[in-house]
Amino acid sequence: MLMSALKPLGELENATEFAARHIGPYEDDERHMLSVIGAASRRALIEAIVPRTIARTKPMSLPAPVTEAQALAEMKALAQKNQVLKSFIGQGYHGTHTPGVILRNILENPAWYTAYTPYQAEISQGRMEALVNFQTMVCELTGMAMANASMLDEATAAAEAMTLAKRSVKAKSDTIIVAGDCHPQTIEVLQTRAAPLGLKVLVGVAPQLMQEHDYFAVIAQYPSTSGLIHDLKPFVEQAHAKGAAFIVAADLLALTLLVPPGEFGADIVVGTTQRFGVPMGAGGPHAAYMACRDEWKRSMPGRLVGVSIDSHGQPAYRLALQTREQHIRREKATSNICTAQVLLAVIASMYAVYHGPAGLKRIAQRVASYTAILSQGLQQLGRQVITPAAFDTITIATGADTDTVLAKALAAGANLRRLSPTHLSVALDETTTRADVNALWSWFAKDGQALPEWAAFEKGVDSLIPEGLRRTSAYLTHPVFNTHHSETQMLRYIRSLSDKDLALDRTMIPLGSCTMKLNATSEMIPITWPEFAHMHPFAPREQLAGYWAMNDQLCAWLSQATGYAGVSLQPNAGSQGEYAGLLVIKAWHESRGEGHRNICLIPESAHGTNPASAQMVGMTVVVTKCDAMGNVDIDDLKAKCEQHSANLAAVMITYPSTHGVFEVRVKELCALVHQHGGRVYVDGANMNALVGVAAPGEFGGDVSHLNLHKTFCIPHGGGGPGVGPVAVVEDLVPFLPAHRTAGVGGAHSVGAVSAAPLGNAAVLPISWMYCRMMGAEGLRDATEVAILSANYIAARLAGHFPVLYSGGDAGLKGGGVAHECILDIRPLAKTSGVGAEDVAKRLIDYGFHAPTLSFPVAGTLMIEPTESEPLAELDRFCDAMIAIREEIAKVESGAWPQDDNPLKNAPHTAASLLKSEWAHPYTREEAAYPVASLRKQKYWAPVGRVDNVWGDRNLSCSCPPLSDYA
Ligand SMILES: *Cc1c(COP(=O)(O)O)cnc(C)c1O
């Protein structure tokens with residue numbers, strides 16, 4: 001019968017199609033990989049590697065997977081629960097037009113969004129140029145000497161400024177004065193962050209508080225949250241006379257017209273660059289910025305891109321001051337910021353490049369003009385405007401009328417800001433039109449009142465910016481801001497930068513601990529939908545219904561994945577999740593009258609953010625040892641638990657460990673900590689080895705953070721955005737982050753840890769889509785294939801390099817690693833002088849991004865292939881590593897000298913090879929085409945090896961002079 005020729009419907013509908021696309025190796029490949037490893041089946045492999053004591057007892061309960069098309073349809077239905085109203089709310093979030101050329105060629109372009117943090121300078125020159133543009137833009141608009149390459153949001157940037165000031169000034173006080181007209185979310189985060197450090201936050205009328213109290217710093221908003229522009233200069237001088245710092249939270253668009261804080265002596269300037277082309281996205285992601293005086297640059301938090309030179313003496317960019325990066329500072333660290341907001345910083349900088357100083361000024365002047373006209377018109381209508389000095393925001397005393405006006409606006413599809421029961425404020429922006437101003441007038445007009453005539457305003461109006469505060473100094477004079485103003489030119493500039501870089505669209509990025517897996521296109525599509533992109537974070541809650549529904553679903557799924565009872569998506573990076581999680585533990589101890597518990601035990605192998613976060617919640621870090629196998633040394637841990645029993649607050653472990661080991665005794669370890677009254681923090685950055693297989697909430701963890709930008713597919717963006725949800729067991733749920741400003745409660749909550757209640761809300765659809773399309777089985781398969789792929793690499797390379805910490809089954813070739821494998825290069829340094837860095841740089845010549853270099857063990861490479869890499873790419877990588885091992889053998893044998901060989905001279909630029917003279921003992925072909933496949937496809941590093949030391953000695957973080965500018 002004909003009908004019997006058709007397959008069962010379930011197979012034809014193929015709801016699991018996405019999982020098969022997400023996972024790189026095919027079924028046949030898997031059989032081959034298992035045979036190379038020497039495992040009978042995937043199941044047998046996993047059972048040999050993941051300790052049976054921690055294996056999940058029951059599978060995750062997630063909705064059955066759907067196809068890409070169906071998931072997008074469901075996502076659309078959620079999106080449509082959001083109501084996108086015209087926003088006049090302001091409060092740090094403004095409407096903006098993302099130029100199409102930037103939207104499509106950066107935000108929607110994997111060459112930009114799948115790049116990693118630029119630790120490997122030679123393959124990151126493009127994005128670092130964009131970041132230097134960002135730093136230059138911030139320096140010039142704020143009038144400051146130094147700026148970093150982005151902060152997480154304005155509120156946390158203000159908190160980081162507070163601690164930077166505290167450690168930099170002479171004043172001995174522990175009090176910071178916060179002007180009451182700062183944005184409320186900034187005040188809220190300052191309060192959260194000050195408390196555990198014993199700093200006192202005084203909020204109120206700053207000039208008065210400055211008379212009455214001692215203080216180490218003052219922070220003021222410029223223009224203030226009500227829109228009023230204050231002349232801050234006299235107060236800066238007053239603060240300086242007391243040896244205190246003055247911090248300004250400033251709006252960059254306003255600074256194109258206002259005297260910049262650097263010109264009136266500010267010590268630190270922070271703010272957001274959101275309105276430079278980055279949609280509001282219900283609060284994030286956006287790049288915040290921090291700028292400071294030159295003397296403080298070496299204690300500034302975050303990453304700084306600097307200019308140095310390469311091995312040919314040419315200018316080249318690299319991350320500056322790496323030795324002070326958090327992974328080196330560890331328990332002496334002062335900030336935990338790691339993943340920042342690089343993609344958004346790139347977008348904001350490109351917005352400035354595209355518009356140039358004249359274009360930015362025109363936008364700002366248009367906003368300022370509409371604001372002045374709006375204000376004048378409202379006064380004609382008999383309204384009392386209480387912000388005579390303003391840029392884009394005005395506040396109106398509406399008295400008993402407040403709710404009526406709000407309701408009229410709402411009925412017409414707009415949100416105003418209710419500043420108080422008797423005041424409304426209105427913020428205009430780049431997107432404001434005459435029609436908007438007319439509409440605003442009509443909502444404030446009394447019945448029957450005629451609206452103002454535009455004719456009176458055609459010739460321009462008086463600025464509301466006070467004469468003495470008008471900017472006269474030039475900005476953005478560098479050619480990069482004055483060249484790329486046609487779309488063709490801009491398109492090619494963007495393309496020329498991305499061509500210099502290696503991202504996931506060209507090669508695997510086998511970075512251990514970073515999980516650089518597929519960021520599927522259908523996961524990315526929803527993030528630019530207007531229903532998500534154009535939401536204001538403080539719009540009325542019911543308008544954000546789609547976001548909250550997505551939040552609830554994603555939190556439930558992440559609970560399933562981790563085995564925890566409650567999740568908060570507010571932290572906007574892993575480091576912030578750690579911070580929030582430790583605050584939760586601290587608050588729990590305090591709630592039991594055990595606030596004295598302040599010892600945090602952290603194994604020496606931990607990621608640097610762990611001790612840094614512990615430091616920031618006021619805990620004392622005690623480092624515990626690891627044994628020769630890379631496991632936590634239980635005896636040492638036990639001794640330290642006993643020693644500190646009365647004061648033990650927490651232990652932070654990473655599971656599987658940063659050494660890539662599933663420690664067999666983890667349950668025992670958790671029980672031990674609990675016996676001594678402490679709580680167990682499990683760093684969840686390595687969840688890609690656990691999802692569906694084991695759950696920290698089941699094996700004894702109390703708190704974890706996840707990195708949605710590692711395990712759950714949010715792209716790394718060249719160093720952000722990230723999302724670092726914090727997940728906790730039942731009794732800790734009441735302490736999870738809240739957000740007063742947004743009306744998100746929790747009587748026992750630790751408070752707000754981000755500026756917005758859902759943190760980087762706009763990228764949450766990515767992880768939602770991933771879970772929705774993978775389903776429980778797909779997610780477990782992903783974990784298992786990630787482990788399989790790491791073991792395949794370990795098996796293929798084991799005969800060529802020593803594999804460290806293969807804690808698994810000795811019967812497996814490669815020894816049995818978790819989801820990453822560490823190759824030890826140190827023995828080769830002795831025999832050949834070749835170090836791990838040389839291997840990393842030589843991989844560039846082979847067209848690869850290097851694995852993680854010298855973390856967690858110096859002199860090693862840590863490889864994490866993830867489940868997404870196809871077998872062919874795993875083999876290309878292994879072939880490259882084996883070829884490199886043969887090159888090292890030539891150095892060992894003396895065929896090539898130790899100081900002149902393809903490894904030491906890597907990476908080779910085209911310019912260095914296409915020269916008439918060639919004095920090296922190897923051929924140009926050996927340099928450029930060590931394996932045949934490179935002849936078909938070759939990535940050329942744009943610069944030779946970058947000299948880090950030179951750049952740190954001659955620290956510069958602005959665009960290089962014209963003469964160097966190619
Ligand atoms: C990446 C990572 C972190 C920090 O996460 P960010 O999102 O970069 O702040 C913490 N711990 C481990 C083990 C990590 O790999």
Side-chain angles (χ1 to χ4, degrees), residues 116-119 149-153 156 160 284-285 301-303 319 325-327 329-330 333 335-343 509-517 569-582 602-616 626 630 632 652-661 681-690 696 701 703-726 753-754 759-760 763 767 818-820 822 851-857 862-864 866:
Y116 184 66
T117 296
Y119 285 130
S150 82
M151 302 292 285
L152 291 163
D153 59 32
T156 55
E160 296 276 357
R303 292 166 176 154
L319 286 178
E325 263 264 335
Q326 304 309 328
H327 60 271
R329 296 281 296 261
R330 303 185 68 91
S335 159
N336 63 351
I337 187 169
C338 180
T339 294
Q341 301 276 22
V342 166
L343 187 68
I509 302 185
L511 284 163
S513 211
C514 304
T515 314
M516 297 294 286
K517 60 163 71 174
L569 299 177
Q570 193 183 118
N572 45 19
S575 62
Q576 307 302 296
E578 289 175 23
Y579 177 76
L582 290 174
I602 302 180
E604 59 190 358
S605 62
H607 192 269
T609 51
N610 290 186
S613 300
Q615 184 78 7
M616 286 168 63
C626 289
V632 172
M652 288 183 97
I653 56 167
T654 303
Y655 202 82
S657 74
T658 51
H659 290 141
V661 179
Y681 188 104
V682 180
D683 181 325
N686 287 345
M687 270 305 285
N688 212 46
L690 291 183
V703 186
S704 288
H705 77 268
L706 304 175
N707 302 64
L708 297 192
H709 47 300
K710 294 176 180 171
T711 314
F712 292 90
C713 296
I714 293 176
H716 198 74
V723 177
V726 55
V753 296
S754 296
N760 281 341
V763 291
S767 300
H819 65 309
E820 51 197 14
I822 300 181
T852 296
L853 179 62
S854 290
F855 173 82
V857 186
M862 179 160 64
I863 302 160
E864 180 182 359
T866 83

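Just so you know, these numbers use all the heavy atoms, side chains as well, and skip hydrogens, waters and symmetry mates. The structure displayed is predicted, hence computed values, not measured ones. Counting convention: from 1, in listed order, for ligands and their atoms alike.
A 4.5 Å side-chain heavy-atom check between Pro571 and Tyr579 finds every atom pair outside the cut-off. For the pair Leu582 and Tyr681, the minimum side-chain heavy-atom distance is below 4.5 Å.
Here Asn707 has side-chain heavy atoms under 4.0 Å from ligand 1, and that is the only part of it that gets that close.
Not a single N or O atom of Asn610, backbone or side chain, sits closer than 3.5 Å to an N or O atom of ligand 1. For ligand 1, the polar-atom distance check against Asp683 finds a nitrogen or oxygen pair separated by under 3.5 Å.
None of Gln576, His705, Glu578 except one satisfies the side-chain hydrogen bond (donor to acceptor under 3.5 Å, both in side chains) rule with Ser613; the exception is Glu578. Among Val763, Thr515, Thr339, the one residue that satisfies the side chain to side chain contact (heavy atoms under 4.5 Å, CB included) test with His709 is Thr339.
Under a 4.0 Å heavy-atom criterion, Glu578 is in contact with ligand 1.
Nearest heavy-atom pair, Glu820 versus Ser657, reported as atom, atom and distance to 0.1 Å: OE2-O, 4.0 Å. Gly581 and Val726 get closest at one heavy-atom pair: CA-CG2, 3.6 Å.
Scanning the protein for heavy atoms near atom 1 (C) of ligand 1, the closest one is Lys710 NZ, 1.4 Å.
Atoms of ligand 1 found under 4.0 Å from any heavy atom of Thr339, numbered from 1 in the order shown, are 6 (P), 7 (O), 8 (O), 9 (O). Short contacts between ligand 1 and Ser575, defined as distances under 4.0 Å to a heavy atom of the residue, involve ligand atoms 5 (O), 6 (P), 9 (O). Below 4.0 Å from some heavy atom of Cys338 lie the following atoms of ligand 1, by number and element: 8 (O), 9 (O). Listed by number with element, the atoms of ligand 1 under 4.0 Å from a non-hydrogen atom of Ala685 are 2 (C), 11 (N), 12 (C), 13 (C), 14 (C), 15 (O).
With distances taken over non-hydrogen atoms, the option nearest atom 3 (C) of ligand 1 out of His607, His716, Glu864 is His607.
Judged by distance alone, the side chains of Ser150 and Arg303 never bring a donor and an acceptor atom under 3.5 Å apart.
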